[in-house]
Amino acid sequence: MPSLRGPRVVAGPPGPRVTKLLTDSGLDPSSYSSPIVDEARGIYVRDPDGNVFVDLISGRCVANTGYNHPRVVEAVKAQAERSIHWQTEQAYTLVGRLEAMLGSGPKQVYWGQSGSLSNDHAIKAVRRATGKPTILAFTGSYHGSSMGAISLSGYDPSMKRHYGPLVPGIEHVPYASCYRCPLKLEHPGCRLACLGYIEEVAFKSYVPADEVAAVFVEPVQGDAGWHVPPPGWHEGLKRLCEKHGILHVADEVQTGFGRTGTWLGMDHWGVKPDVVILGKAMGSGVPISAVVLGRDLLESTDPEPIPIHAQSFSATPLGTAAAHATMDVIRDERLCENSEAMGAYAKKRLTELMGLHPCIGDVRGLGLLIGVEIVKDRERKTPDPAAANAICSEAFRRGVYTLNMGSYGGRAIRVAPPLIATEEQVDVAIEVLDASMRRVEGR
Ligand SMILES: Cc1ncc(COP(=O)(O)O)c(C=O)c1O
């Protein structure tokens, strides 16, 4: 299989084919900022005009094993030859592998085809399991775009505007996004006040603790700007859940499958959730997602068979084949280890860039899930969305694709290449970001 190498910009972007495609689709070609794929391999995406981009966001943290990993492609092809619909043995054996990955007893799985859908399924599961109506979620969180998922999310008001009324019974509490603390405090002086808020404020003013079914939490808040909670926060949240009989639900859709340097994000804190939501990288691009929960969880309160989850497409043959192959590749190619090593390397290099670029306010993340906060004023942490957009556009023109996101008005550029990235590839991408920042800073 011929390999791609980049970055290589030969036309535009956009070049003539993409310009025609966008124009014919009634779109402005100058809006071209995310590569249209003609072919993709490893960390590279080639567009229809022959431009080869480094994908610094792994197709939204989906291509952890790299685009079109030959073992994943082979597994999907082989399965397609036999059957592309209805359950196969691989769905059953995949449950065993997920059990081993989670390592906390027998599991049942509700399959889905997206992270959003699986968050919706998890809302149903925790309410059914506990008989309680209320769910806690966090400010800054992103759980997806379906009705349940936007109701859980606290990422940006634009996700919710004009879609209401949303799913009732979901209450938001502050996340430990220390760089932009919702309580305007400083860690460690704050003594994890955001965690204390749940018992001291929420449970004493607007949330009856005994009516809370579950808390939904991201191990690292991704789209909010790649915020990593400080030591003790996740452990404290789990203890709080145990104390009040609340189910602890980890949304590992973005952090799962090696992205942060461990199989699951929660592994960094040794926390075992009651329910885990998986998606994105699970099938390396073939849609598959899952809610994984203790086998006793629903049976304990409801001995009847539960009609929780009828779907035409459940554990699809292509999705489960791709998930097995993805897990094989992550294990055999030691991609968790590479994610950790390359993440540390990229973070070091990006932190060094802070000496050259006053626009970098912070560099943070775990493994290859890194955010580079762009600010007008480092001391005041004043967000600079215009500069963040301009840096991403400039990088795109130079053949590196990334984007910027954030809550509370902040904007962080995402540095999250496929977990197969080498030091040399990381260097090339960071050099392009460096040059793009210099250009935007007018130097
Ligand atoms: C933590 C988290 N949960 C859920 C989702 C939604 O997943 P999907 O886009 O597959 O619906 C995302 C997507 O970015 C996510 O980051």
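In each ligand, atom 1 is the first atom listed, and ligand 1 is the first ligand listed.
By the 6.0 Å contact criterion, CG on L27 is enclosed, its count of non-hydrogen atoms from other residues, nucleotides or ligands being greater than 12.
With E373 as the fixed residue, the salt bridge (charged side-chain N to carboxylate O under 4.0 Å, His left out) test singles out one of R180, R411, R414: R180.
For the pair K381 and Y179, the distance from NZ or CZ to the six-membered ring centre is under 6.0 Å and the angle to the ring normal is within 45 degrees.
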What do the steps show when you test T316 against H85 for side-chain hydrogen bond (donor to acceptor under 3.5 Å, both in side chains), and what is the final call? CA-CA 6 Å; T316 65; H85 185 51; over 6 Å; no
Side chains of residues 144-153: which donor-acceptor pairs under 3.5 Å do they make with residues two or more places apart or in other chains?
unit_1, atom_1, unit_2, atom_2, d
S146, OG, S116, O, 3.3
S146, OG, D120, OD1, 2.9
S146, OG, D120, OD2, 3.4
S151, OG, M147, O, 2.6
S151, OG, V167, N, 3.0
S153, OG, H143, N, 2.8
S153, OG, A149, O, 2.7

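Of the possible polar contacts, none joining the E99 side chain to the S104 backbone as a donor-acceptor pair under 3.5 Å is found.
For ligand 1, the protein residues within 4.0 angstrom (heavy atoms only) are S114, G115, S116, N119, Y142, H143, G144, E218, D223, D251, V253, Q254, K280.
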